[in-house]
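Written below as structure tokens is the structure these notes are about.
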Amino acid sequence: MNEFKVKKTEAEWKETLTEQEYDVLRNGATDPAHKGKYTNILPATGYFACKGCSVALYSASSKFESQCGWPAFNKTYTGTVGAVPLPGKSHQEIICTNCGGHLGHVFQNKSTNSERHCVNSSSITYLDESPPDLTENTLTK
């Protein structure tokens, strides 16, 4: 997954992102737990998009309260989020498939056969408007 539609130089990324957004999206950093802008909101409508490239990632209806310390989602718009294996880890990194930005991590709950995307608030933005007409799915099956 190293060919992305959005191609910017590091200088261009730094011009369009705050220091924290750049650190998370481009360097794989993590927001402090329980401090993110979107951690404790559960909007009824709208969707969440990548802060780096504005592609729609998650519907508002896929967000849930998980007590993990970061915004949590249980499904994504098909094809917009990719999973990258982390050697020796039980979870995977998640990235935007459009720009390659680091979003957070996905954890599989084997007992319920469900997944939890723990996403950095710095890597997304919420739009209170009609979500795109896209299908939703889980990453892991």
Side-chain angles (χ1 to χ4, degrees), residues 1-110 112-141:
M1 274 196 199
N2 47 4
E3 282 301 317
F4 303 103
K5 290 178 186 174
V6 173
K7 297 179 188 327
K8 294 183 182 182
T9 65
E10 293 308 304
E12 290 171 322
W13 284 116
K14 287 180 179 181
E15 283 178 22
T16 59
L17 301 170
T18 67
E19 187 176 331
Q20 177 65 17
E21 292 165 352
Y22 179 85
D23 204 26
V24 170
L25 283 163
R26 307 316 305 164
N27 293 326
T30 301
D31 287 336
H34 305 285
K35 302 286 185 197
K37 178 178 181 178
Y38 303 118
T39 302
N40 295 316
I41 69 162
L42 289 170
T45 61
Y47 65 97
F48 294 83
C50 178
K51 190 72 172 181
C53 69
S54 301
V55 74
L57 301 171
Y58 301 100
S59 69
S61 64
S62 71
K63 190 172 187 309
F64 67 100
E65 183 58 54
S66 74
Q67 305 295 321
C68 71
W70 293 271
F73 301 87
N74 60 11
K75 57 189 169 188
T76 179
Y77 289 122
T78 304
T80 63
V81 175
V84 179
L86 297 170
K89 303 279 186 176
S90 61
H91 60 279
Q92 297 177 329
E93 176 186 15
I94 48 176
I95 62 167
C96 172
T97 59
N98 197 51
C99 70
H102 171 77
L103 301 172
H105 297 93
V106 61
F107 299 84
Q108 183 71 29
N109 184 333
K110 299 204 187 310
T112 62
N113 197 29
S114 63
E115 62 188 42
R116 180 183 77 238
H117 295 224
C118 291
V119 179
N120 292 290
S121 286
S122 297
S123 66
I124 56 176
T125 189
Y126 170 68
L127 296 127
D128 188 13
E129 55 189 55
S130 295
D133 188 21
L134 298 170
T135 59
E136 292 179 285
N137 211 334
T138 56
L139 278 180
T140 57
K141 300 230 166 116

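- The minimum heavy-atom distance between Ile95 and Leu103, with the atom names listed, is C-CD1, 3.6 Å.
- Side-chain contact, Glu93 with His102: a donor N or O sits under 3.5 Å from an acceptor N or O.
- Taking 4.5 Å as the limit, every side-chain heavy atom of Ile94 sits out of range of all side-chain heavy atoms of Val84.
- Between Glu136 and Thr76, the side chains place no donor N or O within less than 3.5 Å of an acceptor N or O (distance only, hydrogens not considered).
- For the pair Asp31 (side chain) and Ser122 (backbone), a donor-acceptor distance under 3.5 Å is present.
- Checked by atom type and distance alone, the side chain of Trp70 never pairs as donor or acceptor with a backbone atom of Thr39 at under 3.5 Å.
- What you find for His91 and Val106 is that their closest heavy atoms are CB-O, 3.2 Å.
- When each of Tyr47, Tyr77, Phe73 is tested with Tyr58 by the rule ring pair (Phe, Tyr, Trp, His ring centres under 6.0 Å), just one qualifies, namely Phe73.
- At least one side-chain heavy atom of Glu65 sits under 4.5 Å from a side-chain heavy atom of Gln67.
- More than 12 heavy atoms of other residues, nucleotides or ligands sit less than 6.0 Å from atom CD of Glu10.
- For Asn137 and Thr78, the side-chain atoms include no donor-acceptor pair closer than 3.5 Å.
- In this structure, Lys51 contributes its side chain and Leu25 its backbone to no donor-acceptor pair below 3.5 Å.
- A heavy-atom distance below 4.5 Å is not found between the side chains of Ser123 and Glu21.
- Shortest non-hydrogen contact noted between Thr97 and Gly79 is OG1-O, 2.6 Å.
- By the ring-ring contact (aromatic ring centres under 6.0 Å, His included) test, Tyr38 pairs with Phe48, sequence neighbours left out.
- Of the possible donor and acceptor atoms, none in the side chain of Asn74 sits under 3.5 Å from a partner among the backbone N and O of Glu115.
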Item checked: Criterion side chain to side chain contact (heavy atoms under 4.5 Å, CB included) on Val24 and Thr30, from CA distance to verdict -> CA-CA 6 Å; Val24 170; Thr30 301; over 6 Å; no
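- Note that CG of Leu57 and OG of Ser62 are 9.5 Å apart. Values are rounded to the nearest 0.5 Å.
- What you find for Pro43 and Tyr126 is that their closest heavy atoms are CB-OH, 3.3 Å.
- For the pair Val55 and Lys5, the minimum side-chain heavy-atom distance is 4.5 Å or more.
- Side-chain contact check for Asn98 versus Cys50: every heavy-atom pair is 4.5 Å or farther apart.
- The structure places CD of Glu15 at 12.0 Å from OH of Tyr22, a figure rounded to the nearest 0.5 Å.
- Residue His105 holds its NE2 atom at 12.5 Å from NE2 of His117, rounded to the nearest 0.5 Å.
- Proximity of a side-chain donor or acceptor of Ser121 to a complementary backbone N or O of Lys37 within less than 3.5 Å is detected.
- The shortest non-hydrogen separation linking Ser114 to Gln108 is O-NE2, 3.3 Å.
- Between atom CG of residue Asp23 and atom OG1 of residue Thr18 there is a gap of 9.5 Å, rounded to the nearest 0.5 Å.
- The minimum heavy-atom distance between Ala49 and Leu127, with the atom names listed, is CB-CD1, 3.6 Å.
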